[in-house]
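So the structure is just underneath, and the comments pick up after that.
Values reported hereafter were calculated over all heavy atoms of this structure, with side chains retained and with hydrogens, waters and symmetry mates removed.
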Amino acid sequence: QVQLVESGGGSVQTGGSLTLSCAASGYTFTNKCMGWFRQAPGKEREAVAAITMYTPKVITNYADSVKGRFTISRDNARSTVTLQMNSLKPEDTAVYYCAASTVCTGPEFVIQAYDRWGQGTQVTVSS
């Protein structure tokens with residue numbers, strides 16, 4: 001059983017920064033990819049960033065809306081994934097979820113490929 005626990009959400013003003021962390025526990029070596037998704041009120045859950053795990057080369061993927069502002073990184077030894085969010089905008093306001101996939105072949109954005117999810121952490125950006 002793998003559990004994912006997010007931390008680091010909060011409230012900031014436009015232009016501010018936040019760092020989200022996701023700690024995995026259990027059989028973490030089965031997590032081939034990990035990603036961050038977000039869901040705003042009344043909207044569908046969308047992918048933000050994803051990263052391969054336990055691979056010699058780090059491969060990442062970003063949604064167009066966050067490219068250049070967000071950075072995803074991994075610490076395989078600690079089974080953690082971090083999302084550094086800079087230049088935050090009000091439209092970044094959402095519940096952010098950490099997810100892990102045991103079947104992905106790359107840092108994909110297909111939600112159905114992710115079979116492990118955290119509880120979510122709220123990010124609020126005020127103008």
Side-chain angles (χ1 to χ4, degrees):
Q1 194 80 355
V2 173
Q3 289 187 325
L4 305 177
V5 178
E6 304 102 333
S7 61
S11 298
V12 295
Q13 292 188 327
T14 298
S17 298
L18 282 173
T19 303
L20 304 182
S21 293
C22 175
S25 61
Y27 293 104
T28 59
F29 60 90
T30 59
N31 295 335
K32 294 184 177 181
C33 303
M34 292 186 70
W36 287 95
F37 295 77
R38 67 187 181 187
Q39 187 166 18
K43 294 188 176 182
E44 293 185 352
R45 191 169 296 188
E46 63 177 3
V48 175
I51 190 167
T52 54
M53 302 295 290
Y54 308 107
T55 53
K57 181 179 179 181
V58 178
I59 304 174
T60 58
N61 194 11
Y62 294 94
D64 288 342
S65 59
V66 306
K67 280 181 181 177
R69 300 189 298 123
F70 291 11
T71 301
I72 189 170
S73 59
R74 73 185 193 189
D75 185 336
N76 285 339
R78 299 183 179 183
S79 300
T80 59
V81 172
T82 299
L83 184 68
Q84 176 65 43
M85 306 185 294
N86 298 326
S87 302
L88 283 162
K89 306 174 181 179
E91 50 264 44
D92 294 318
T93 295
V95 176
Y96 283 69
Y97 297 90
C98 174
S101 171
T102 60
V103 299
C104 66
T105 57
E108 57 188 298
F109 281 172
V110 178
I111 289 179
Q112 291 80 3
Y114 289 82
D115 43 3
R116 296 161 174 171
W117 293 85
Q119 294 299 309
T121 184
Q122 177 70 45
V123 170
T124 303
V125 184
S126 58
S127 58

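To the nearest 0.5 Å, atom CG of residue L83 and atom OG1 of residue T19 are 8.5 Å apart. Here the straight-line distance linking atom CG of N61 with atom SG of C104 works out to 11.0 Å at 0.5 Å rounding. Note: Q1 CD to S25 OG = 9.5 Å, rounded to the nearest 0.5 Å.
Within the structure, salt bridge (Lys or Arg N to Asp or Glu O under 4.0 Å) contacts touching residues 10-34 (residues at least two apart or in different chains) do not occur. Sequence neighbours left out, the pairs with a member in residues 99-127 that pass ring pair (Phe, Tyr, Trp, His ring centres under 6.0 Å) are F37-Y114, F37-W117. Each side-chain hydrogen bond (donor to acceptor under 3.5 Å, both in side chains) pair with one or both residues in residues 91-103, not counting sequence neighbours, appears once here: R38-D92, R38-Y96, R69-D92, T102-D115. Residue pairs meeting the salt bridge (Lys or Arg N to Asp or Glu O under 4.0 Å) criterion with at least one partner in residues 97-106, sequence neighbours excluded, are absent. Applying the salt bridge (Lys or Arg N to Asp or Glu O under 4.0 Å) test to residues at least two apart or on different chains, the pairs with a partner in residues 74-87 are D75-R78.
Residues V2 and I51 fall within the same hydrophobic cluster, defined by Ile, Leu, Val, Met, Phe, Trp and Tyr side chains chained together at heavy-atom separations under 4.5 Å. L18 is not connected to V5 by any chain of hydrophobic side-chain contacts under 4.5 Å among Ile, Leu, Val, Met, Phe, Trp and Tyr, and they are in different clusters. V12 is connected to W36 through a chain of hydrophobic side-chain contacts under 4.5 Å among Ile, Leu, Val, Met, Phe, Trp and Tyr, so both are in one cluster.
L4 is listed as a side-chain neighbour of M34, based on a closest heavy-atom distance under 4.5 Å. S21 is not listed as a side-chain neighbour of T80, based on a closest heavy-atom distance of 4.5 Å or more. When side chains are defined from C-beta on, T60 does not count as touching P107, because their heavy atoms never get closer than 4.5 Å. Proximity of N76 to M53: side-chain heavy atoms (C-beta onward) are separated by under 4.5 Å at one or more points.
Checking side-chain atoms of E6 against main-chain N and O of Q119 turns up a donor-acceptor pair under 3.5 Å. Judged purely by atom type and a 3.5 angstrom limit, T14 uses its side chain to pair as donor or acceptor with the backbone of S126.
Residues passing the side chain to side chain contact (heavy atoms under 4.5 Å, CB included) test with K67 are Y62, D64, sequence neighbours excluded. Evaluation of the side chain to side chain contact (heavy atoms under 4.5 Å, CB included) rule for S17 yields Q84, N86 as partners, not counting sequence neighbours. Applying the side chain to side chain donor-acceptor pair (under 3.5 Å) criterion to Q39, with sequence neighbours excluded, gives R45. Considering only residues two or more places apart in sequence or on other chains, S79 meets the side chain to side chain donor-acceptor pair (under 3.5 Å) condition with T28, Y54. Scored by the side chain to side chain donor-acceptor pair (under 3.5 Å) test, T30 finds R116 as partners (sequence neighbours excluded). Every side chain to side chain contact (heavy atoms under 4.5 Å, CB included) that S11 has, sequence neighbours left out, goes to T124. Residues forming a side chain to side chain contact (heavy atoms under 4.5 Å, CB included) with F29 (at least two apart in sequence, or on another chain): Y27.
Between A40 and A94, the closest heavy-atom pair is N-CB, 3.8 Å.
Heavy-atom contacts from other residues, nucleotides or ligands closer than 6.0 Å to CD of E46 number more than 12.
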